Trainee: 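Encoded as structure tokens, here's the structure I'll be asking about.
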Amino acid sequence: NRRSVSAAAQALRAFFRYAETRGWGAAGFAKGIQAPKIYQYEDLPEGPTEKEVRQLLHSVEGTGHAALRTRAILMLFAVYGLRSGEVSRLLLSDFDWRQEVFVVKHSKRGGSQRYPLQHEVGDAILRYLKEARPRCACRNLFVTLHPPYRSVGTSTLWLVTSSRIKAAGLRFRHTGPHSLRHACATRLLLQGVSFKEIGDVLGHRGLESVGIYAKVDLNALRVVANVDLGGLL
């Protein structure tokens with residue numbers, strides 16, 4: 001594909017530049033190696049539809065410790081579009097159950113942000129805390145299922161999400177937590193939420209990263225493209 005060709009071309013250019021310094025070949029050879037242009041936001045974000053997200057959440061059945069932990073994790077990814085590191089760093093003290101809010105320490109933008117606690121997410125987390133989370137000294141919200149108890153890392157969160165997506169029979173290219181982040185952003189866009197508000201929810205520094213989701217709302221883009229210029233052309 002284009003990305004593989006681009007990576008190979010970069011490697012070849014580096015080699016021939018080095019060869020030129022060693023006197024192994026003619027000068028300027030590296031400049032003749034052309035690669036396809038890769039743009040940062042050229043791809044459509046890939047992720048499950050809202051229906052598939054619901055299917056995924058409903059597929060996590062059972063009252064075992066692993067199932068209760070998995071359901072709470074997936075709901076945080078799907079409803080709030082959190083990053084793996086943000087979920088991994090959640091502490092028990094980050095949740096204010098009286099005010100029904102919780103605090104997220106953002107991975108890229110930095111700083112902390114308060115989120116309203118959606119009732120189904122709150123119920124899933126409370127059930128995990130009461131029935132599944134072991135009593136231990138670790139103050140992270142999500143901990144390992146077996147001792148020595150420690151916080152659940154980002155690699156484990158990726159495996160948990162990917163395995164549940166595959167077990168639910170869903171098929172798309174990316175099966176990690178970021179696919180649920182894309183699904184969250186797309187859902188908000190289709191509900192009419194502004195780019196600024198989506199960026200605030202997802203914890204983006206600027207609107208550039210959110211702009212990619214404009215490609216998803218094809219119906220809105222068609223309306224923009226269907227402007228009647230009154231015979232101007």
Side-chain angles (χ1 to χ4, degrees), residues 45-92 94-95 97 100-108 113-134 138 140-146 149-191 193 198 201-203 213 216:
E46 294 190 22
T49 63
E50 185 174 358
K51 180 180 178 181
E52 289 173 329
V53 170
R54 294 181 183 277
Q55 179 182 337
L56 171 64
L57 296 177
H58 285 309
S59 72
V60 185
E61 300 175 343
T63 58
H65 292 184
L68 293 178
R69 188 186 70 172
T70 297
R71 183 170 178 81
I73 288 171
L74 292 180
M75 293 192 79
L76 283 169
F77 283 138
V79 173
Y80 297 97
L82 299 181
R83 299 180 177 92
S84 295
E86 293 165 347
V87 172
S88 177
R89 287 192 298 271
L90 284 174
L91 304 175
L92 296 174
D94 288 331
F95 289 80
W97 297 101
E100 296 185 342
V101 297
F102 69 105
V103 176
V104 172
K105 300 174 183 65
H106 286 301
S107 297
K108 293 187 177 181
Q113 182 173 342
R114 285 159 57 95
Y115 287 83
L117 192 57
Q118 196 261 4
H119 71 277
E120 290 179 318
V121 178
D123 289 345
I125 293 175
L126 278 175
R127 190 173 182 189
Y128 159 71
L129 291 174
K130 292 178 179 178
E131 303 178 26
R133 189 184 187 279
C138 181
N140 288 77
L141 173 62
F142 295 112
V143 297
T144 54
L145 298 174
H146 306 288
Y149 298 116
R150 57 199 182 279
S151 64
V152 171
T154 56
S155 58
T156 299
L157 292 173
W158 191 95
L159 289 172
V160 166
T161 306
S162 180
S163 61
R164 284 312 315 172
I165 288 175
K166 293 175 181 176
L170 302 176
R171 297 289 180 267
F172 32 86
R173 186 169 64 175
H174 301 293
T175 57
H178 219 71
S179 65
L180 298 181
R181 182 174 171 83
H182 287 319
C184 173
T186 303
R187 183 188 76 245
L188 294 174
L189 178 66
L190 296 177
Q191 290 175 351
V193 179
I198 294 175
V201 170
L202 298 182
Y213 296 103
V216 178

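What you see is a predicted model; the values in this text were computed from it and never measured. Atom set for the values below is all heavy atoms of this structure, side chains included, hydrogens, waters and symmetry mates excluded.
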Trainee: Grab the two heavy atoms, one from Arg133 and one from Cys138, that are nearest each other, plus how far apart they are.
Mentor: NH2-O, 2.7 Å
Trainee: Measure the CG-CZ distance between Leu141 and Arg69 for me, rounded to the nearest 0.5 Å.
Mentor: 10.5 Å
Trainee: Distance from Glu86 atom CD to Gln113 atom CD, nearest 0.5 Å?
Mentor: 9.0 Å
Trainee: Just how far is it from atom CZ of Arg89 to atom OG1 of Thr154, taken to the nearest 0.5 Å?
Mentor: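 So the gap between those two atoms works out to 9.5 Å.
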Trainee: Does the pair Leu92 and Leu129 meet the rule for a side chain to side chain contact (heavy atoms under 4.5 Å, CB included), with working shown?
Mentor: CA-CA 9 Å; Leu92 296 174; Leu129 291 174; 3.7 Å; yes
Trainee: Should Ser162 and Lys166 be marked as a side chain to side chain contact (heavy atoms under 4.5 Å, CB included) after you check the CA-CA gap, both sets of side-chain angles, and the distance that decides it?
Mentor: CA-CA 6 Å; Ser162 180; Lys166 293 175 181 176; 3.6 Å; yes
Trainee: Does the Gln191 side chain pair with the main chain of Leu188, one donor and one acceptor, at a distance under 3.5 Å?
Mentor: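 Judged by distance alone, no pair lies under 3.5 Å.
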Trainee: Check the orientation of His178 and His182. Use parallel for under 30°, tilted for 30 to 60°, and perpendicular for over 60°.
Mentor: perpendicular
Trainee: Check Ser84 against Leu157 and note the closest heavy-atom contact, atom names and distance.
Mentor: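 Taking every non-hydrogen atom into account, O-CD1, 3.3 Å.
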Trainee: Indicate the atoms forming the closest heavy-atom contact of Tyr128 with Ala72, along with that distance.
Mentor: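 The pair with the smallest heavy-atom distance is CB-CB, 4.5 Å.
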Trainee: Using a 3.5 Å distance criterion without hydrogens, assess whether the side chain of Arg150 forms a donor-acceptor pair with backbone atoms of Thr144.
Mentor: no
Trainee: Is any side-chain heavy atom of Phe142 less than 4.5 Å from a side-chain heavy atom of Ser88?
Mentor: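 SC-SC contact between Phe142 and Ser88 ruled out.
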Trainee: Between Asp94 and Lys105, is the salt bridge (charged side-chain N to carboxylate O under 4.0 Å, His left out) condition met? List the steps.
Mentor: CA-CA 9 Å; Asp94 288 331; Lys105 300 174 183 65; 3.0 Å; yes
Trainee: Please walk me through it: do Thr63 and Arg127 pass side chain to side chain contact (heavy atoms under 4.5 Å, CB included)?
Mentor: CA-CA 10 Å; Thr63 58; Arg127 190 173 182 189; 3.1 Å; yes
Trainee: Does Val121 reach the side chain of Tyr80, with side-chain heavy atoms less than 4.5 Å apart?
Mentor: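 Sidechains of Tyr80 and Val121: in contact.
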Trainee: I want to check something: taking the side chain as every heavy atom from C-beta on, are Leu74 and Thr161 in contact at a cut-off of under 4.5 Å?
Mentor: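 With C-beta onward as the side chain, the pair touches.
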Trainee: Of all the heavy-atom pairs spanning Leu57 and Arg71, show the shortest one and how long it is.
Mentor: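 Heavy-atom minimum between the residues: O-NH1, 2.5 Å.
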Trainee: Do the side chains of Pro177 and Val87 get nearer than 4.5 Å, heavy atoms only?
Mentor: no
Trainee: Take the angle between the ring planes of Phe102 and Tyr115 and call it parallel below 30°, perpendicular above 60°, tilted in between.
Mentor: parallel
Trainee: Working to the nearest 0.5 angstrom, can you tell me the gap between Arg83 CZ and His106 NE2?
Mentor: 7.5 Å
Trainee: Going by heavy atoms in the side chains, are Leu56 and Leu180 under 4.5 Å from each other?
Mentor: yes
Trainee: Determine whether more than 12 heavy atoms belonging to other residues, nucleotides or ligands lie under 6.0 Å from atom CD of Gln118.
Mentor: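 Yes.
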Trainee: Report the C-alpha separation of Leu76 and Leu90 in whole Å, then their side-chain angles, then the decisive distance to 0.1 Å, and conclude whether the side chain to side chain contact (heavy atoms under 4.5 Å, CB included) test is met.
Mentor: CA-CA 11 Å; Leu76 283 169; Leu90 284 174; 3.8 Å; yes
Trainee: Looking only at non-hydrogen atoms, find the nearest pair between Leu82 and Phe77 and report the distance.
Mentor: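 In terms of heavy atoms, the two residues are closest at O-CD2, 3.3 Å.
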Trainee: Locate the shortest heavy-atom distance separating Gly62 from Leu68; write the atom from each residue and the value.
Mentor: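 Nearest pair, atom of Gly62 first, then Leu68: O-CD2, 4.2 Å.
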Trainee: Nearest 0.5 Å please: distance from the CG atom of Leu117 over to the CG atom of Leu126.
Mentor: 7.5 Å
Trainee: Could you tell me the separation between the OH atom of Tyr149 and the CG atom of Asn140, rounded to the nearest 0.5 Å?
Mentor: 15.0 Å
